[in-house]
Amino acid sequence: MATGGTSLAPDRAASRVTGAGGGRSGPHPKATTVSAATAPAIQIDRHMAPPFLGCRVMRRPWLRPSLWMVAACGTARGPGRLGASRLGGEAQGADRPRLLSGRCRHRSPLLSRRRRMADKLIPREKGFSEWYVDLVQKAKLADYSDVKGCMVIRPNGFALWESIQRALDKMFKDTGHRNAYFPLLIPLSYLKKEAEHVEGFNPQLALVTVAGGKQLEEPYAIRPTSETIINATFAKWIQSYRDLPLLINQWCNVMRWEMRTRLFLRTTEFLWQEGHTCHETEEEAERETRQMLEIYRTFAEEHMAMPVLAGRKSESERFAGALRTYSIEAMMQDKKALQAGTSHNLGQNFAKAFNTQFLGRDGQQHYVWQTSWGVSTRLIGGLILTHSDDSGLVVPPKLAASHVVIIVIGKGEERARVVERAQALAADLRRVGLGVSVDDDESKSPGFKYFEYELQGVCLRVELGPKDLAKEQCVMVRRDTRVKEFAPLSGAVARAQALLESMQKDLFARAKQFRDEHTFEVNTYDELKARADDGFMLAHWCEKPSCEAKVKEDTSATTRCRPFALEQVPGKCVVCGEPSPGRMVVAKAY
RNA sequence: CGGGGCGUAGCGCAGCCUGGUAGCGCGCCUGCCUUGGGCGCAGGAGGUCGGAGGUUCGAAUCCUCUCGCCCCGACCA
């Protein structure tokens, strides 16, 4: 979307409007209530708890079983209401470790000190994660909200999501998928139908137990993912093999109650896309699963300029209810891995749970073979952690909404002439599809603007002043290299396009080089332990969960995936020495 | 829940020990001035000191309780 002159301007006007006019209208009497927001909800929770306990309770021994649901969803309360301590102090642990908050006055000392000094970002060297949080906020990508664990995505951040959506949506449509929408609320009984699925997601559920002022007979879960409710629907849509394949995608929000959240990378509510398909045969489902993973890989590398390794997940990282899970894994600048997308071959697990059958070519009833796949707003976190620097956000041109900002320099009559010329140039640049804004604000100095636009990640800065006009030229500065050059105005559009194109390529090349430089084989367990912080370790693994667990225990690194790109030669497990089918990427992960 | 830290203006902080007119920087508003890497000057607006009790003639400051937040751990896409 072409941006006008205001696209990157601080969204002051908007916040003013909200601040003044957007007053709270009191709670609607019929408002749907999320569980634990009212006392009665707790009772339901207690009542509901035992059937879903699963083994999670065992892993969290400090939680009393009767309060289990409070742990899972008891934190779904409005800010400042009904502290867990009022439940008799038994569920204290439930809502403790939340990270995001709208009212965090207290940053780390590092952050505070830095904030006092101008508007500079904390450099990555000083604290990578501080840098990230600082950047997200200063580049106006997202803000904390008053709901714990939930963020506000600001226009600059949402523009990135829109770019991601636009590109992926086209790729989905080009491969025959169609968009649809399913309800936010899922009957709890649906989630229970697939045993492993409910066990996997149970601890992360938020429940709605009161609606229209009455207790619901059966609570609804706010979707953590939609396999169940979609299957309940698919079962009605599918009659025969002629109805297959069924290729559906949904863009929506989901909610998973996390103990610890980070802007974009892991938030309680997030935006994503979930594809759900049904096929006649297992082979076809597998092909679809791999095809969608390949689409993710292509998108990540070609649009986001983020190199990824595509491969198969270990058993312990497999999606709850799937046969097999594949993922793409990217390396962030701190050498940690980020799972950037997943694709699951669901087999017939959900089909059996929901009786999703079709009459086959053979005249017999068969369960459909299914897949599901998704990427989320986490990609924005990945984008930031891959390309950005100490000056702020860096966005690959293919994903950027703001490609060029033209900064007007000069005063008086001269300035008027410069503005005129800048507008003409902007129009030319927009004509070739670029997002362009002209900054004509006289109240801020040019230098201030340079910093500001670098912070916000505009790909290309054009400076235009009286001296330039005299020479029929302008100054162009690429965001990634920050190299200045003079370009003749007559060829400015072509030059801008060329710079953006090479910027896209260079960003990918740089990221890939970094990833490759920090990817290495490890052949002994000592080596693995010693180099766990150095990046992607390629290690033989026998596929026994115990060896994987030991690695995690000793190093906090986990298996990421077994990459397809890596020629799989058998070897010996780096932990136990037993036969391994091939090398696995092992790394510390987000 | 275990271990640390903290609530004072939009943001970042000082003041508290030793009770007595609530301050500083940034930001914001107005005007003038400036404009090629975070201009300057002058004026101005903005705070129930997280909340509730208590002590006191008097509480941001002392005492008690309470609410909330951040970091590390445990959990997890």
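In this text the structure is predicted, and so the values were computed from the model without any measurement. Here is how names work: the chains are called A, B, and so on, in the same order as the sequence lines, proteins then strands, and each is numbered from 1.
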K.L.:
Taking atom types as modelled and ignoring hydrogens, do the side chains of A:Thr325 and A:His344 form a donor-acceptor contact shorter than 3.5 angstrom?
P.N.:
yes
K.L.:
Is it the case that more than 12 heavy atoms not belonging to A:Phe270 sit under 6.0 Å from its CZ atom?
P.N.:
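Enclosed: over 12 neighbouring heavy atoms sit under 6.0 Å from CZ of A:Phe270.
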K.L.:
Could you state the CD-P distance from A:Gln137 to B:G10, rounded to the nearest angstrom?
P.N.:
17 Å
K.L.:
Send over the distance from A:His344 NE2 to B:A77 P, rounded to a whole Å.
P.N.:
10 Å
K.L.:
Specify the separation, in whole Å, of atom NE2 of A:His197 and atom P of B:A77.
P.N.:
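Roughly 13 Å, once rounded to whole Å.
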K.L.:
Check A:Glu125, A:Arg124, A:Glu454 against A:Asp390 for a side-chain contact (heavy atoms from CB on, under 4.5 Å) and give me the one that passes.
P.N.:
A:Arg124
K.L.:
How far, in whole Å, is B:U21 from B:C11 if one measures between their P atoms?
P.N.:
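Roughly 26 Å separates the two P atoms.
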K.L.:
Watson-Crick or G-U wobble partner for B:U18, using a 3.5 Å limit on both distances?
P.N.:
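Base partner found: none.
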K.L.:
Tell me the interatomic distance from A:Asp439, atom CG, to B:G38, atom P, rounded to whole angstroms.
P.N.:
16 Å
K.L.:
Tell me the partner of B:G10, counting only Watson-Crick (N1-N3 plus N6-O4 or O6-N4) or G-U wobble (N1-O2 and O6-N3) with both under 3.5 Å; none if nothing fits.
P.N.:
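With both distances under 3.5 Å, B:G10 matches B:C26.
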K.L.:
Suppose you measure atom C1' in B:A59 against the same atom in B:U8; what distance do you get, rounded to whole Å?
P.N.:
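Going atom to atom, C1' in each nucleotide, I get 14 Å.
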K.L.:
Give, ordered by number, those residues of residues 308-322 of chain A having at least one heavy-atom distance below 4.0 Å to an atom of RNA chain B; if nothing qualifies, reply none.
P.N.:
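Nothing qualifies; none.
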K.L.:
Could you tell me how far B:A22 sits from B:G5 if I compare only their P atoms? Round to whole Å.
P.N.:
32 Å
K.L.:
What interatomic distance, in whole Å, is found between P of B:C41 and the corresponding atom of B:C33?
P.N.:
16 Å
K.L.:
Looking at residues at least two apart in the chain, or sitting in another chain, which of them share a side-chain hydrogen bond (donor to acceptor under 3.5 Å, both in side chains) with A:Thr555?
P.N.:
none
K.L.:
Identify, residue by residue, the members of residues 547-557 of chain A with a heavy atom below 4.0 Å from RNA chain B, and return them in order of residue number, or none.
P.N.:
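Going residue by residue through residues 547-557 of chain A, none turns out to have a heavy atom under 4.0 Å of RNA chain B.
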K.L.:
Run the numbers on A:Phe319 and A:Phe201 for ring-ring contact (aromatic ring centres under 6.0 Å, His included), then give the verdict.
P.N.:
CA-CA 10 Å; A:Phe319 174 74; A:Phe201 280 107; 5.8 Å; yes
K.L.:
May I ask you to decide if A:Thr559's main-chain N or O and A:Glu548's side chain share a donor-acceptor pair within less than 3.5 Å?
P.N.:
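Here the side-chain-to-backbone pair does not exist.
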K.L.:
Please enumerate all residues that pass salt bridge (Lys or Arg N to Asp or Glu O under 4.0 Å) together with A:Arg421, with sequence neighbours excluded.
P.N.:
A:Glu472
K.L.:
Which part of the nucleic acid, if any, lies within reach of A:Glu454 when heavy atoms closer than 4.0 Å are counted: base, sugar-phosphate only, or nothing?
P.N.:
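The answer is base, as A:Glu454 lies within the cut-off (heavy atoms under 4.0 Å) of a base atom.
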K.L.:
Using the P atom in both, what is the distance from B:G19 to B:G27, to the nearest Å?
P.N.:
37 Å
K.L.:
Which whole number of Å gives the distance between the C1' atom of B:C32 and that of B:G36?
P.N.:
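It comes out at 23 Å once rounded to the nearest Å.
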K.L.:
Atom CD of A:Glu258 and atom P of B:C76: how far apart are they, to the nearest Å?
P.N.:
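About 10 Å, once rounded to whole Å.
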K.L.:
Will you find, in the side chains of A:Asp439 and A:Tyr453, an N or O donor that is under 3.5 Å from an N or O acceptor?
P.N.:
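The answer is yes; a qualifying pair exists.
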K.L.:
Within the structure, does a side-chain N or O atom of A:Arg260 lie under 4.0 Å from either OP1 or OP2 of B:G73?
P.N.:
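Result: yes.
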K.L.:
Starting at CD of A:Gln473 and ending at C1' of B:G36, how long is that distance when rounded to a whole Å?
P.N.:
12 Å
K.L.:
In whole angstroms, how far is the P atom of B:C75 from the CZ atom of A:Phe201?
P.N.:
18 Å
K.L.:
Students often get this wrong, so: under 4.0 angstrom with heavy atoms, is A:Ile407 touching a base, only sugar-phosphate, or nothing?
P.N.:
nothing
K.L.:
Pick the nucleotide of RNA chain B nearest each of A:Arg378 and A:Ser129; which residue has the one closer to the 5' end?
P.N.:
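Between the two, 5'-proximity favours A:Ser129.
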K.L.:
Would you say CD of A:Gln165 has more than 12 non-hydrogen atoms from neighbouring residues, nucleotides or ligands within 6.0 angstrom?
P.N.:
yes
K.L.:
With a 3.5 Å limit on both atom pairs, tell me what B:G46 is paired to, counting Watson-Crick and G-U wobble, or say none.
P.N.:
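Base-paired to nothing in any strand shown.
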K.L.:
Check for me whether A:Arg266 meets the cation-pi criterion with A:Tyr590, that is, NZ or CZ under 6.0 Å from the six-membered ring centre and within 45 degrees of the ring axis.
P.N.:
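No, a cation-pi geometry is absent between A:Arg266 and A:Tyr590.
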K.L.:
Could you identify the nucleotide paired to B:G36, looking across every strand shown and requiring Watson-Crick or G-U wobble geometry with both distances under 3.5 Å?
P.N.:
none
K.L.:
With distance as the sole criterion, is a donor-acceptor pair present between the side chains of A:Thr371 and A:Thr277 under 3.5 Å?
P.N.:
yes
K.L.:
Should B:G2 form a Watson-Crick or G-U wobble pair with both distances under 3.5 Å, which nucleotide is its partner?
P.N.:
B:C72
K.L.:
Please list, chain by chain and in numerical order, all residues satisfying side-chain hydrogen bond (donor to acceptor under 3.5 Å, both in side chains) with A:Glu269, sequence neighbours excluded.
P.N.:
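So A:Glu269 forms a side-chain hydrogen bond (donor to acceptor under 3.5 Å, both in side chains) with A:Asn253.
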K.L.:
With sugar-phosphate meaning primed atoms plus P, OP1 and OP2, does A:Tyr590 contact a base, only sugar-phosphate, or nothing at under 4.0 Å between heavy atoms?
P.N.:
nothing
K.L.:
Please report, rounded to the nearest Å, how far the C1' atom of B:G38 is from the CZ atom of A:Phe451.
P.N.:
5 Å
K.L.:
Can you check the distance between B:G31 and B:A14, where both ends of the measurement are the P atom (answer in whole Å)?
P.N.:
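It works out to 36 Å between them.
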K.L.:
If only side-chain N and O atoms count, and only distance matters, is there a donor-acceptor pair under 3.5 Å linking A:Ser327 with A:Gln339?
P.N.:
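The criterion, which ignores hydrogens and geometry beyond distance, is not satisfied for A:Ser327 and A:Gln339.
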K.L.:
Enumerate the protein-to-nucleotides 32-35 of chain B contacts in which both atoms are nitrogen or oxygen and the separation is below 3.5 Å.
P.N.:
unit_1	atom_1	unit_2	atom_2	d
B:U35	OP2	A:Lys411	NZ	2.7
B:U35	O4	A:Glu442	OE1	2.5

K.L.:
When the C1' atoms of B:C72 and B:U64 are considered, how many whole Å apart are they?
P.N.:
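It works out to 30 Å between them.
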K.L.:
Determine, for A:Arg495 against A:Glu485, whether the closest basic-nitrogen to carboxylate-oxygen distance falls under 4.0 angstrom.
P.N.:
yes
